[in-house]
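Proteins come first, then strands; the chains are lettered A, B, ... in the order of their sequence lines, and each starts at number 1. Below, each value reflects all heavy atoms present in this structure, side chains not excepted, and no hydrogens, waters or symmetry copies.
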Amino acid sequence: MTNWEEDQAMEMASNVPLSQRAMGVRATPYMDGLNASQRAAVEVMDGPVLMLAGAGTGKTKALTTRIVHLMNMNRARPNEILAVTFTNKAAREMKLRVGSMLGEMVEGMPWLGTFHSLCVKILRRHAELVGLKSNFTILDTDDQLRLLKQLLRAENIDEKRWPPRLLLGLIDTWKNRAWTPDRIPAGEDSFNGRGSEFYAQYQNRLKTLNAADFGDLLLHVVNIFQTNEDVLDKYQRWFKYILVDEYQDTNVAQYMWLRLLAAKHHNICCVGDDDQSIYGWRGAEVGNILRFERDFEGAKVIRLEQNYRSTPHILAAASGVIAGNKDRLGKTLWTARKDGEKVRLIGHWDGEEEARWIGEEIESYQRGTRGLDPICLESMAILVRASHQMRAFEDRFLTIGLPYRVIGGPRFYERLEIRDAMAYFRVVVSPDDSLAFERIINTPKRGIGDKAQQTINAIARKNGISLLDGARIIVAEGGLSTKARNSLSTLILGIDRWASMLNGLNVFRDDADILEEFGDAAPIINHVEIAQIILEESGYTDHWQNDKTPEAPGRLENLKELVKALEGFENIQGFLEHISLIMENDTDDATQKVSIMTLHGAKGLEFPNVFLPGWEDGLFPSQRSMDESGQNGLEEERRLAYVGITRAEAICTVSFAANRRVYGQWQSSMPSRFIDELPHENVDVLTPPGLYGGGTFASTESDLPARAAKADAYNSPGWKRMQARTSQRGLHQPNNPKGIIIDAKVMQNYSITDRVIHGKFGIGTVIGIEGDKLSIVFDAGGAKKVVASFVTRADYVPF
DNA sequence: CGGCATTTATTTTTT
DNA sequence: ATAAATGCCG
């Protein structure tokens with residue numbers, strides 16, 4: 001036992017009853033609520049452990065209990081445990097849960113955080129080893145892109161043919177794989193074969209700017225560990241136990257980081273679920289979790305398979321879908337729950353009807369019809385594949401006045417006005433931050449256009465100084481037009497003034513009344529007030545006040561919030577430091593709302609009642625995913641389906657639409673192949689609205705002719721083809737398949753009353769045929785004669 | 001330089 | 001459809 005261990009043991013001992021101390025037993029009340037596997041995952045403390053935790057099996061509980069157990073058994077002090085998550089939210093949650101389990105005994109764990117925040121912490125201490133100063137700036141995507149644009153422009157690259165975005169994506173991918181510019185494998189270089197060359201240039205620029213991007217945070221630390229044995233050794237010794245959440249989402253760089261740190265003690269516990277790996281497109285390697293047993297010798301694999309979240313039907317449906325994937329570690333989720341509703345499946349004519357129907361369903365669940373207890377809006381969620389699908393729901397919910405909340409979307413700190421404001425703060429705090437200066441130099445417009453900016457840039461580059469200093473020289477030498485020079489001068493003076501305020505140089509309120517009242521004793525301004533002053537004096541607040549666009553008031557509101565957020569920090573520097581890593585946006589208000597989010601955004605969440613719309617081939621699984629990544633892409637989409645279904649606790653409704661407007665064009669599609677993979681014994685196929693003249697259907701006049709024309713669904717060609725298709729392929733025959741009547745194949749001939757889609761006019765009904773021309777009455781209004789090749793058959797026949 | 005017209009792309013998202 | 005980005009003209 002080392003000294004501190006003895007200390008710890010003594011400390012602990014005083015809190016433990018004598019009888020237990022005598023028996024050498026420590027109280028472990030926190031284990032009481034755990035099942036056998038969870039308990040095993042907590043108790044196996046030595047050596048590598050892989051906790052394979054299926055959806056809803058209580059992995060966070062096991063993980064947090066493990067941390068508590070390690071401390072309670074004196075295996076490590078709080079600051080000797082390295083616990084890594086992917087999101088700040090997850091980190092916060094874990095901190096909270098560990099904290100509440102321990103009571104106030106132990107103060108927070110300093111090494112519980114995201115990969116990135118932990119790396120920043122380490123990197124600040126050893127920055128010089130990779131040529132940075134410890135106060136390096138962390139660049140966001142916007143800065144990165146601006147940097148690359150500059151770089152490409154200097155090389156006279158045609159940005160049309162070689163978009164900077166593409167290069168950024170490439171560099172990002174390479175960093176995820178821990179490839180430094182000199183180690184890009186031959187044949188992997190792209191971007192006209194010059195990608196690695198620009199990558200190297202980009203890294204050089206970052207070094208001069210004393211900046212690091214997100215990928216660098218990890219890569220630099222890995223680099224430091226690999227080349228400085230003493231540093232690595234120190235951390236290896238320090239972190240007695242390592243815990244990793246969402247291990248299936250780790251990329252190569254993160255994997256290397258973990259391996260290096262765990263190499264001494266091998267006490268690494270990774271928690272994850274290969275079936276929930278949905279971030280392959282941003283560098284996550286499912287292989288990491290699949291290889292775990294080989295990577296970490298003597299690893300114990302513990303499966304958490306009892307699901308506490310969903311009903312048997314939902315679980316079976318999810319398992320049925322995911323079974324289609326190869327290369328799984330394999331788990332059999334089970335639940336002690338009984339009964340429950342089957343997964344509900346329904347098809348719709350188009351996306352709008354789908355949104356309308358879901359809106360009505362939500363309202364009726366909320367009222368508590370169908371003999372069910374009312375379900376609150378907060379308990380319901382709509383999970384979509386791509387964010388553009390959200391609009392249909394927002395539109396619909398807005399018109400019927402159903403409160404909703406969009407989760408995800410542009411985050412607070414990514415908004416234009418926030419980034420602008422932050423750029424001001426950055427310039428004031430670190431005048432050398434040329435990227436920030438570039439952002440604000442003409443925001444708001446102050447007459448310093450492209451030409452003036454180029455001049456400043458040239459001067460700065462020539463003298464090897466920052467943009468701000470370059471601007472100073474220009475002003476001093478009387479360059480530029482009078483107008484531009486004057487406003488540039490004003491800006492520089494402003495920046496200097498704000499900086500001196502921040503530095504506490506005895507600057508008082510710029511307010512005549514207060515000066516008069518207090519004289520020399522006027523109070524020194526705090527950083528929140530300075531921030532306010534910066535935004536006002538720079539004209540940035542006015543800029544939005546004068547803006548008449550509808551979003552201007554919201555932006556002003558956001559700026560207010562930003563300033564308010566500053567109150568929680570000691571100074572602006574500290575604020576900036578946190579903000580670059582933490583992108584939280586918890587504007588939770590008390591009103592009950594339905595949640596709308598992407599499937600990705602829903603990972604880790606659960607809802608009693610879940611809607612999964614848009615299950616159409618091409619949308620979900622996404623065509624692009626399949627085109628770009630083939631079978632792997634499809635499997636990842638399938639995992640996404642699995643994640644979606646397993647979010648549901650009690651009710652899960654899958655739906656699809658036969659027709660949808662995609663990029664302004666009508667498109668008709670087949671139901672998702674994942675629908676065929678749902679075990680039919682766990683699925684209830686619902687009757688589409690209007691089939692039996694259903695009363696709740698809010699029809700408009702323009703719908704009526706179409707509905708009349710489609711009264712006989714059972715004899716329609718679409719229905720017959722559907723029958724043929726499903727029985728041919730021997731797939732699950734829905735027990736009440738009235739809703740699924742779809743086929744993408746275009747019939748050779750049209751007949752009167754056929755429903756068709758025209759790219760420009762939308763959906764209509766054929767009322768006459770003359771040679772190759774069709775007379776069509778369009779739902780949107782108007783009758784037209786069009787050549788048959790310009791329309792597509794709308795194969796879905798709902799009525 | 002700034003405002004308006006035209007062009008162009010358009011998954012998923014954290015840090 | 002739509003937003004963002006570029007291009008053109010006053």
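Contact annotation for A/Arg391: backbone-only contact, meaning every heavy-atom pair under 4.0 Å involves sugar-phosphate atoms and none involves a base. Residue contacts for A/Tyr663: at a heavy-atom cut-off of 4.0 Å it reaches a base atom on one of the strands shown. When heavy atoms are screened at a 4.0 angstrom cut-off, A/Ser622 is found touching base atoms of the nucleic acid. Heavy atoms of A/Glu628 sit under 4.0 angstrom from at least one base atom.
Residue A/Arg282 places no side-chain N or O under 4.0 Å from the OP1 or OP2 atom of B/dT13. Using a 4.0 Å cut-off, some side-chain N or O of A/Thr598 falls inside it from OP1 or OP2 of B/dT13. Between A/Asn251 and B/dT15 there is no side-chain polar atom (N or O) within less than 4.0 angstrom of OP1 or OP2. OP1 or OP2 of B/dT15 sits under 4.0 Å from a side-chain N or O of A/Asn88.
Donor-acceptor pairing under 3.5 Å is lacking for the side chains of A/Asn325 and A/Tyr642. Counting only N and O atoms by type, the side chains of A/Glu354 and A/His348 include no donor and acceptor under 3.5 Å apart. Checking A/Asp420 against A/Thr443 by side-chain atom types alone, no donor-acceptor pair falls below 3.5 Å.
Comparing A/Trp281 and A/Ala484 by the nucleotide of DNA chain B that holds the closest heavy atom to each, the one mapping nearer the 5' end is A/Ala484.
Across all strands shown, B/dT12 forms no Watson-Crick or G-U wobble pair with both key distances under 3.5 Å.
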